[in-house]
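Reviewing the structure listed below.
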Amino acid sequence: MAANLPAPYAAETQIAIAAVRRACVLTASVFNKLVKQETLTKDDKSPVTVGDFSAQAVVNTILNRAFPEDPIVGEEDAADLRVESGKILRDRIIELANETLIAELQPGEKEEWGLGPNHGRTADQLLDAIDRGNYNGGRTGRMWTLDPIDGTKGFLRGEQYAVCLALLVDARVELGVMGCPNLPVSAADPSGPRGCIFVAVRGQGAFQLPLDNPFVEGARTKLTIPTFTPETLNFLESVEKAHAKLSFNERVGQVLGVTRAPTRMDSQAKYCSLARGDGGVYLRMPVGTGYREKIWDHAAGAILVEEAGGIISDGRGEPLDFGLGRTLGENFGVVASGKDVHAKVIAAIKQAKAEEEAQSQL
Ligand SMILES: Nc1ncnc2c1ncn2[C@@H]1O[C@H](COP(=O)(O)O)[C@@H](O)[C@H]1OP(=O)(O)O
Ligand SMILES: [Mg+2]
Ligand SMILES: [Mg+2]
Ligand SMILES: [Mg+2]
């Protein structure tokens with residue numbers, strides 16, 4: 001009977017949440033063990049590498065066990081860990097990944113997912129798991145895309161970062177899960193409790209869950225992007241000037257009559273903030289260096305925004321194309337917002353762009 005069928009992607013959703021939660025426990029522990037003690041004094045980037053690789057090892061190991069046929073487009077690969085000079089890093093990564101995989105089962109997790117004290121992996125198994133992220137993507141079939149630490153710079157500063165995982169089927173995002181260990185549970189209480197998971201499944205809505213116990217009954221909050229006026233509208237944008245053209249955002253804001261200051265944060269936490277109404281527009285315009293946006297930097301965020309009732313497009317209003325491979329190709333920026341403001345933002349971008357071009361001709 002149809003009523004007894006599980007919702008589409010129910011198993012994928014549960015497993016993706018468990019994988020992202022475990023990866024967040026790992027990255028938070030890397031921050032406490034390594035970043036606080038080492039980076040702040042030595043400006044050593046190795047904690048990032050340790051965190052990125054080991055989080056990818058954990059998530060890919062879990063996905064591989066549950067969905068052995070599914071390819072993965074992951075940001076990292078293990079080539080640097082397989083050579084002699086990578087041994088110290090490799091040993092640390094293997095230890096951290098195993099520590100995370102063998103941690104006691106939480107309510108909602110199942111031993112058959114290959115988790116818990118009996119499920120340590122060998123170094124080779126974990127390196128192979130990292131390399132399962134080497135898939136090139138493409139137009140057809142089912143595939144996952146993973147950014148084990150999105151917002152590396154934010155991670156190192158102790159600010160926002162996210163573990164981002166999405167499932168694509170024939171180049172359409174069907175499921176997105178993002179773990180944000182440092183994001184306040186409520187933007188209204190910025191110094192209150194932190195740590196959220198965001199989940200969206202095509203046609204099933206967007207939700208926020210507690211990171212420390214995502215499967216607990218009744219803990220999920222449905223997210224809907226609210227309506228904004230020019231007085232309440234604000235932009236969500238990068239901290240890093242090299243990632244998005246913030247001066248252009250400022251001009252677009254002026255055209256729209258925005259008076260509130262932008263909220264700057266690293267990572268796809270911007271999409272999460274948009275989905276729950278902490279900000280009105282995520283605007284990311286290219287800086288002009290030819291950088292190609294990666295699919296793992298937008299896939300989970302894209303479905304979260306859509307399921308919260310919003311629209312995501314490039315800077316011309318065209319849909320993002322997740323079927324081109326590992327990147328979004330020559331796409332022109334990213335614009336995400338509620339439905340009511342989206343067309344206005346696209347028009348404002350057009351105007352600001354025309355002004356910019358007229359200026360350059362002087
Ligand atoms: N030149 C660039 N333009 C746009 N995005 C970039 C650029 N360089 C790196 N990124 C990516 O931007 C994302 C985070 O941006 P932000 O936090 O500003 O939204 C990261 O995934 C980061 O990649 P990486 O993960 O390799 O550092
Ligand atoms: Mg990223
Ligand atoms: Mg990353
Ligand atoms: Mg990176």
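Whatever order the structure lists them in is the order used to number ligands and atoms, beginning at 1.
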So between Glu293, Arg284, Lys294, whose heavy atom ends up nearest atom 13 (C) of ligand 1?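 The option holding the nearest heavy atom is Arg284.
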
For Lys270 and ligand 1, answer yes if some heavy atom of the residue is under 4.0 Å from a ligand atom, otherwise no.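 Right, Lys270 reaches ligand 1.
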
Exercise: identify the closest heavy-atom pair between His243 and Ser238: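 In terms of heavy atoms, the two residues are closest at CB-OG, 3.8 Å.
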
Which protein N, O or S atoms does the Mg ion (ligand 4) have within a distance shorter than 2.8 Å?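 Less than 2.8 Å away from the Mg ion (ligand 4) sit Glu75 OE2.
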
Any N or O of Asp150 closer than 3.5 Å to N or O of ligand 1: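 Such a contact does occur with ligand 1.
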
Do any nitrogen or oxygen atoms of Tyr291 come within less than 3.5 Å of a nitrogen or oxygen of ligand 1?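 Indeed, backbone or side chain, Tyr291 has an N or O that close.
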
Among protein heavy atoms, which lies nearest [atom], and at what distance?
| atom | answer |
| --- | --- |
| atom 18 (O) of ligand 1 | Ser238 OG, 2.6 Å |
| atom 26 (O) of ligand 1 | Glu75 OE2, 3.1 Å |
| atom 15 (O) of ligand 1 | His243 ND1, 2.9 Å |
| atom 1 (N) of ligand 1 | Ala242 O, 3.3 Å |
| atom 17 (O) of ligand 1 | Ser267 N, 2.6 Å |
| atom 27 (O) of ligand 1 | Thr152 OG1, 4.0 Å |

Glu355 atom CD, neighbour heavy-atom count above 12 within 6.0 Å: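 Yes, because the 6.0 Å sphere around CD of Glu355 holds more than 12 heavy atoms from other groups.
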
Within ligand 1, which atoms have a heavy atom of Asp297 less than 4.0 Å away?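 Those qualifying, in numeric order: 21 (O).
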
Anything under 3.5 Å between a donor and an acceptor, one on a side chain of residues 217-225, the other on a protein residue two or more places apart or in another chain? List them.
none

Regarding His298 and Tyr271, is there a side-chain donor-to-acceptor distance under 3.5 Å anywhere?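 Note: His298 and Tyr271 side chains meet the donor-acceptor criterion.
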
Asn98/Arg121 under side chain to side chain contact (heavy atoms under 4.5 Å, CB included): CA gap, chis, key distance, verdict: CA-CA 6 Å; Asn98 260 331; Arg121 281 16 180 232; 3.8 Å; yes

Tell me which donor-acceptor pairs under 3.5 Å the side chains of residues 332-350 have, and how far apart each pair is, sequence neighbours excluded?
{"from": "Ser337", "atom 1": "OG", "to": "His342", "atom 2": "N", "distance (Å)": "3.4"}
{"from": "His342", "atom 1": "NE2", "to": "Ser313", "atom 2": "OG", "distance (Å)": "3.0"}

Going by an N to O cut-off under 4.0 Å, is there a salt bridge joining Glu240 and Arg157?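 Salt bridge flag = yes for Arg157 with Glu240.
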
For Arg284, is there an ion pair with Glu237 - N to carboxylate O distance below 4.0 angstrom?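 Salt bridge: no.
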
Go through the structure and list residues passing ring pair (Phe, Tyr, Trp, His ring centres under 6.0 Å) with Phe53, not counting sequence neighbours.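 With neighbours one apart ignored, the set is empty.
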
Check the pair Asn64, Arg132 against side-chain hydrogen bond (donor to acceptor under 3.5 Å, both in side chains), reporting the backbone distance first and the verdict last. CA-CA 8 Å; Asn64 190 24; Arg132 280 186 49 86; 3.2 Å; yes

Quick one, Glu231 with Thr229, criterion side-chain hydrogen bond (donor to acceptor under 3.5 Å, both in side chains). Give me CA distance, side-chain angles, the key distance, then yes/no. CA-CA 5 Å; Glu231 292 72 41; Thr229 63; 3.3 Å; yes

